[in-house]
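Below is one structure, written out as structure tokens; comments come after it.
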Amino acid sequence: MRPLLLVIIHRRLWRKDMVLFLVGMSAAVVGAYGPMLGPGFVPIAAELGITVEILSQSTAWLILTLGLCVFFFNPAAKIWGKRPIYVIASVILLIVSIWGSVANTYSSFLGSRILGALGMAPYEVLVQATISDLYFVHERATRIAMWNLFLLCGIAGAGFISGYIIEDLGYKWTFGLCAILFGVFGIGIIFFVPETTYIRQGVTSEVLAKTGIQDQERGAENEKFDEKGMHVEYRQLSKRITGNVSSPDAATEAPHSYVRSLALFTGRYTDAAIWKIFARPFIMFFYPCVLWAFLIYGTTLTWIVVFSVVNGVIFTAPPYNFSVGQAGLTSLSPFLLCIIGEVISGPLNDWICVKMARRNHGIYEPEFRLVLMLVVVVLGTAGFYGFGATVHYVTHWSGPVLTYGLANMSLAFASTCVFGYVLDCYPRLAEEAFVAINTRNLLTFGLTYFVQSWLQEAGALAVFNILGSCFLAVCCLTIPLWVFGKRIRSWVARNQFLNEFMSDL
């Protein structure tokens with residue numbers, strides 16, 4: 001029968017957007033789950049009987065576990081589809097949130113945080129691949145921006161909400177609120193998010209010098225011919241692939257029923273050996289465009305996480321002397337600027353691509369996505385260097401708060417650019433590419449583990465000058481990618497070993 005996905009693509013755009021909304025909102029709560037305790041680090045550490053540095057290290061351990069878990073969930077989604085992974089992740093997140101809300105010791109608290117990474121991992125790597133499943137090329141940047149809006153607003157917005165929750169109700173209620181939200185969106189995923197993975201049969205075609213009648217008379221199997229002499233051959237899929245697959249007669253088949261779309265498992269989606277599926281992200285890491293994406297996204301997001309770790313200490317200490325609730329309100333700036341950035345970045349990126357394709361005689365190139373990096377450089381430079389300078393020279397609180405927001409706004413533009421480019425370069429390998437990119441969690445773990453002591457020893461100016469310089473250095477790598485990106489993609493496409501190793505059929 002014809003999979004529900006095709007009906008979604010051709011007839012119901014709102015259904016696709018509903019799928020994106022549900023997984024996007026879950027990703028937003030996942031984004032908040034990590035940094036939501038930042039404004040209350042000082043009182044939470046006192047309540048648990050530990051130091052602020054040890055408490056910040058609990059976030060580092062969560063990030064490390066998250067970085068390792070993506071290597072498991074990607075092969076699982078590649079083999080059995082994305083729907084069961086989303087459902088299982090929602091259940092895990094609900095359980096660990098309830099656990100965190102009742103934990104009374106640091107050991108129990110740390111256990112809930114580390115196991116929470118199991119549920120967070122799928123939302124790090126699968127949402128972008130789901131967008132690739134559902135949307136056409138000219139629709140993706142806007143939807144990637146929507147997903148980034150959910151995720152980054154979760155990260156940035158967690159602070160100004162959780163600050164007052166921690167101050168008035170206690171930090172355990174931040175976990176209680178997460179449990180409520182994960183429960184609501186988890187129910188939505190169970191009932192309204194079908195399997196989006198879809199395997200298309202390999203098709204080869206050749207225009208014949210004459211009509212295709214001579215070949216048609218041969219009676220060759222699996223071949224079709226039209227009146228213009230086009231020879232079309234459909235490659236048979238392995239019998240081990242039992243999930244949603246296309247067929248030569250797919251256009252006449254009936255859609256899946258709603259009840260059937262609720263099935264947790266819909267079959268197997270790859271014929272590749274499991275060890276190959278596990279190994280692919282490590283190989284893709286060294287694809288130049290994926291390595292570039294890792295460096296841009298990894299450094300920018302890691303530096304943003306540093307803000308959430310140190311702000312609770314910087315703003316509650318002299319000379320600012322903010323309360324926990326007021327320290328949380330500093331997140332209002334990145335929250336608002338992230339919304340503005342995402343609203344602008346997606347449509348702007350798609351508009352740039354359409355305009356440049358027209359100027360390129362109607363031929364689209366993925367490198368057109370890279371133009372947006374000009375905005376990223378301007379915003380990130382102002383954000384990272386500006387934050388260190390304003391804190392060091394003790395400006396009015398609006399100085400570090402505004403530059404904090406500009407740094408987050410740069411991430412909004414960077415995410416749209418990076419993920420749009422990678423999706424357009426390797427749409428079939430989206431999951432593997434995003435696992436490779438999200439090894440940035442290992443970088444984030446390393447920095448968040450010692451950033452508090454580094455900040456105390458070196459000061460905000462030195463720390464953020466170094467972070468800003470690293471940010472500019474990796475952004476400069478966009479220039480050779482703009483010049484040589486097409487040649488690199490051509491070489492990868494012609495490499496027989498890579499084509500065979502990365503194939504699921």
Side-chain angles (χ1 to χ4, degrees), residues 28-63 93-117 119-120 151-184 304-318 320-336 338 397 400-401 404-405 408 448 451-452 455:
V29 186
V30 165
Y33 189 83
M36 66 184 179
L37 302 179
F41 264 16
V42 174
I44 293 173
E47 184 175 343
L48 291 173
I50 56 176
T51 65
V52 171
E53 185 174 2
I54 291 176
L55 183 60
S56 67
Q57 288 173 0
S58 70
T59 301
W61 288 116
L62 178 149
I63 293 171
L93 288 167
L94 175 62
I95 293 172
V96 297
S97 296
I98 296 173
W99 179 3
S101 68
V102 298
N104 291 316
T105 65
Y106 176 69
S107 298
S108 181
F109 168 85
L110 181 61
S112 71
R113 297 288 276 172
I114 291 176
L115 290 181
M120 297 169 67
L151 180 62
L152 298 183
C153 285
I155 295 173
F160 72 82
I161 297 174
S162 65
Y164 283 104
I165 293 176
I166 294 169
E167 190 172 57
D168 297 335
L169 302 175
Y171 81 90
K172 292 182 180 180
W173 264 104
T174 61
F175 291 98
L177 181 59
C178 284
I180 294 170
L181 294 175
F182 283 132
V184 171
I304 296 300
V305 173
V306 168
F307 282 109
S308 68
V309 172
V310 303
N311 278 358
V313 176
I314 289 176
F315 286 106
T316 56
Y320 297 108
N321 294 315
F322 284 4
S323 67
V324 173
Q326 290 172 329
L329 282 178
T330 60
S331 298
L332 190 59
S333 168
F335 177 76
L336 295 176
C338 272
W397 60 262
V401 169
Y404 176 26
N408 276 265
T448 54
V451 69
Q452 290 286 2
L455 184 69

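One-based numbering along the sequence shown.
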Set of residues satisfying side chain to side chain donor-acceptor pair (under 3.5 Å) with respect to Asn104, sequence neighbours excluded: Lys172
Quick one: does Cys178's side chain get under 4.5 Å of Leu181's, heavy atoms only? no
Tyr33: what forms a ring-ring contact (aromatic ring centres under 6.0 Å, His included) with it, not counting sequence neighbours? Phe175
For residues 48-57, which side-chain N or O atoms pair as donor and acceptor with protein atoms under 3.5 Å away, sequence neighbours left out?
{"unit_1": "Thr51", "atom_1": "OG1", "unit_2": "Ile54", "atom_2": "N", "d": "3.2"}
{"unit_1": "Ser56", "atom_1": "OG", "unit_2": "Glu53", "atom_2": "O", "d": "2.7"}

In terms of heavy-atom contacts, Ser112 and Gly100 come closest through OG-CA, 3.7 Å
Here the gap from Ile155 atom CD1 to Cys338 atom SG, rounded to the nearest 0.5 Å, amounts to 8.0 Å
Quick one: closest heavy-atom pair of Pro43 and Val324, and the distance? CG-CG2, 3.7 Å
Supply the atom-to-atom distance Gln326 CD to Tyr164 OH, rounded to the nearest 0.5 angstrom. 6.0 Å
To the nearest 0.5 angstrom, please state how far the CD1 atom of Ile98 sits from the CG atom of Leu93. 11.0 Å
For Ser162 against Thr174, the heavy-atom pair lying closest together: CB-CG2, 4.0 Å
Between Leu37 and Phe109, what is the shortest heavy-atom contact and its length? CD1-CZ, 3.5 Å
Which residue, Ile304, Val309, Val310, forms the side chain to side chain contact (heavy atoms under 4.5 Å, CB included) with Val306? Val310
With rounding to the nearest 0.5 Å, note down the distance linking OG1 in Thr59 to CG in Leu110. 10.0 Å
Which atom pair, heavy atoms only, marks the closest approach of Phe182 to Ser97? CD1-OG, 3.4 Å
For Tyr171 and Ala103, which heavy atoms make the closest approach, and how far apart are they? OH-O, 3.8 Å
Does the side chain of Phe307 come within less than 4.5 Å of Pro35's, by heavy atoms? no
Would a 4.5 Å heavy-atom cut-off, applied to side chains only, mark Ser331 and Tyr404 as touching? yes
Assign the ring pair Tyr320 / Phe315 to parallel, tilted or perpendicular, where the plane angle (0 to 90°) is split at 30° and 60°. tilted
Distance col, row Leu62:CG vs Ile114:CD1, nearest 0.5 angstrom, shows 8.0 Å
Step-by-step side-chain contact (heavy atoms from CB on, under 4.5 Å) determination, Ile165 to Met36: CA-CA 10 Å; Ile165 293 176; Met36 66 184 179; over 6 Å; no
First locate atom OG of Ser333, then atom CG of Asn408, and finally report the distance between them rounded to the nearest 0.5 Å. 8.0 Å
Without swapping roles, check the side chain of Arg113 against the backbone of Val96 for a donor-acceptor pair under 3.5 Å. no
